[in-house]
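Contents: one structure, followed by commentary.
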Amino acid sequence: MKVPLLDLKPQYHSLKKELDEAVLRVAESQYFILGPEVEKMEKEFCDYLHCKHAIGVSSGTDALLLALMAINIGPGDEVIVPTYSFFATAGVVSRLNATPVLTDIDPITFNIDPEEVKKKITKRTKAIMPVHLYGQSAEMDPIMKIAKENNIKVIEDAAQAIGTQYKDGKCVGTIGDIGCFSFFPSKNLGGYGDGGLVTTDNDDLAYMLRIKRVHGGEQKYYHKVIGGNFRIDALQASVLRVKLPHLDKWSEKRRANAEYYYELFKKAGLAEEHGKTKFDDKNMVLLPQPVNKGNTGVKNYHIYNQFIIRAQKRDELKKFLTENEIGNEIYYPVPFHMQECFANLNHKVGDFPESEKASNTSLAIPIYPELTKEQQEYVVQKIREFIKG
Ligand SMILES: Cc1ncc(COP(=O)(O)O)c(C=O)c1O
């Protein structure tokens with residue numbers, strides 16, 4: 001049996017008529033960049049996310065870069081980021097000649113640890129950039145508290161987390177000062193190429209984001225500030241508009257698939273509980289877990305952009321699954337502090353133990369909405385075979 005890590009074709013076929021019509025509508029209009037399709041999309045995202053401003057941009061990376069530009073991050077500034085994330089989270093800070101201040105993660109959520117954030121605040125700190133990794137919210141209450149006490153901004157990297165909710169149903173990306181989303185095709189809501197979104201409830205920031213999206217001017221050829229080309233195409237907007245009404249249904253399917261994995265791993269004797277952080281005889285595979293450390297008792301709404309397991313002989317398991325035609329991927333094999341391009345930050349192995357453990361043991365297995373029960377059973381059966389023989 002073949003089980004790809006992600007298969008986008010069933011989704012396309014289920015919406016083929018509407019998607020094809022949307023693409024043709026843009027072709028007919030010959031209006032390719034920004035314009036009415038993008039404006040409608042932005043309004044629909046405001047409604048979906050319950051935020052005041054949603055601004056379509058060229059990618060998730062550009063959303064982060066534009067957000068930092070909107071709050072005037074530059075040389076001498078420090079931005080606190082997790083050391084374990086997709087490269088863009090730290091890359092955009094360095095591109096503005098500011099310093100990414102790397103921080104360790106919480107071992108259960110894979111998200112930045114607020115206690116560690118506290119230790120990193122200096123006079124130069126201008127922003128904290130929590131990432132809602134794999135589709136689960138970072139622990140936002142303490143992060144917002146730290147930011148408030150120190151008068152610094154919070155830019156949420158919600159690239160993997162459209163529709164994820166923090167406690168009490170608040171959508172991630174609308175909690176900090178600016179939220180950043182990606183519509184890379186493998187995200188829960190994917191376009192037909194690169195695309196992204198920035199969100200804010202602050203009118204002044206929205207103004208800056210809008211003008212910096214188009215080279216820093218309200219009027220063509222008149223530039224108030226330095227911006228860039230961070231525009232989204234009408235074609236992407238048209239596709240996203242067709243898909244957005246289906247997003248929650250797809251995320252629910254991913255959540256149901258996650259529940260089934262929990263059941264299967266337990267039955268296979270590989271993981272008695274999910275959310276464990278240490279391997280033992282009853283938990284030979286560590287499973288992810290939606291958590292809430294706050295006091296409301298409401299769990300984070302995890303949308304499982306990825307389902308990340310942890311295994312001790314991870315590299316051998318990866319090879320075994322690949323040989324058995326089961327899609328898998330290591331996110332992220334090298335934390336930022338061990339990346340060649342960040343050698344100037346002067347870190348060494350051991351500086352961020354939880355991130356290093358995550359890099360050394362984590363493995364994504366298929367979780368996409370259309371995955372069948374039989375495919376999930378096969379995945380767990382093969383993992384069992386590898387671990388228990
Ligand atoms: C956490 C995170 N941040 C930023 C990005 C960048 O998004 P994009 O690929 O749309 O530029 C991604 C996308 O992979 C991501 O996963």
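Start at 1 and go down the list; that is how both ligands and their atoms are numbered. Just so you know, these numbers come straight off a predicted model, no measurement behind them.
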Q. Hey, mind stepping through Asp20 and Tyr12 against side-chain hydrogen bond (donor to acceptor under 3.5 Å, both in side chains) and telling me if it holds?
A. CA-CA 10 Å; Asp20 290 356; Tyr12 171 55; 2.7 Å; yes
Q) Hey, what's the ring geometry for His246 with Trp250, parallel, tilted or perpendicular (30° and 60° as the breaks)? A) parallel
Q.
Under a 4.0 angstrom heavy-atom cut-off, which atoms of ligand 1 come close to Ser182?
A. 7 (O), 8 (P), 10 (O)
Q) Pairs in or reaching into residues 45-54: which pass salt bridge (Lys or Arg N to Asp or Glu O under 4.0 Å), with residues at least two apart or in two chains? A) Lys43-Asp47, Lys52-Asp203
Q) Can you name the nearest heavy-atom pair linking Ile211 to Lys224, along with the distance? A) CD1-CD, 4.2 Å
Q) Who passes salt bridge (Lys or Arg N to Asp or Glu O under 4.0 Å) against Lys153, sequence neighbours left out? A) none
Q: Please write down residue, atom name and distance for the protein heavy atom closest to atom 16 (O) of ligand 1.
A: Gln160 NE2, 2.8 Å
(Q) Please list, in number order, the atoms of ligand 1 under 4.0 Å from a heavy atom of Ala159. (A) 2 (C), 3 (N), 4 (C), 5 (C), 12 (C), 15 (C)
Q. Which of the atoms in ligand 1, numbered in the order shown and given with their element, are less than 4.0 Å from a heavy-atom of Val131?
A. 1 (C)
Q: Would you mind listing which atoms of ligand 1 come within a distance below 4.0 Å of any non-hydrogen atom of Ser59?
A: 10 (O), 11 (O)
Q | Proximal ligand 1 atoms for Gly60, defined as those under 4.0 Å from one of its heavy atoms | A | 6 (C), 7 (O), 8 (P), 10 (O), 11 (O)
Q: Considering only non-hydrogen protein atoms, determine which one is nearest to atom 13 (C) of ligand 1 and report residue, atom name and distance to 0.1 Å.
A: Lys187 NZ, 3.0 Å
Q: Could you walk me through whether Tyr260 and Glu377 pass side-chain hydrogen bond (donor to acceptor under 3.5 Å, both in side chains), step by step?
A: CA-CA 9 Å; Tyr260 195 47; Glu377 285 155 16; 2.4 Å; yes
Q | Ligand-residue contact atoms, ligand 1 with Thr61, heavy atoms, under 4.0 Å | A | 6 (C), 7 (O), 8 (P), 11 (O)
Q. How close does the nearest protein non-hydrogen atom get to atom 12 (C) of ligand 1, and which residue and atom is it?
A. Phe86 CD2, 3.4 Å
Q: List the closest protein heavy-atom neighbour of atom 3 (N) of ligand 1: residue, atom name, distance to the nearest 0.1 Å.
A: Asp157 OD2, 2.8 Å
Q.
Against Phe307, only a single residue in Tyr368, Tyr331, Tyr261 fulfils ring-ring contact (aromatic ring centres under 6.0 Å, His included); can you say which?
A. Tyr261
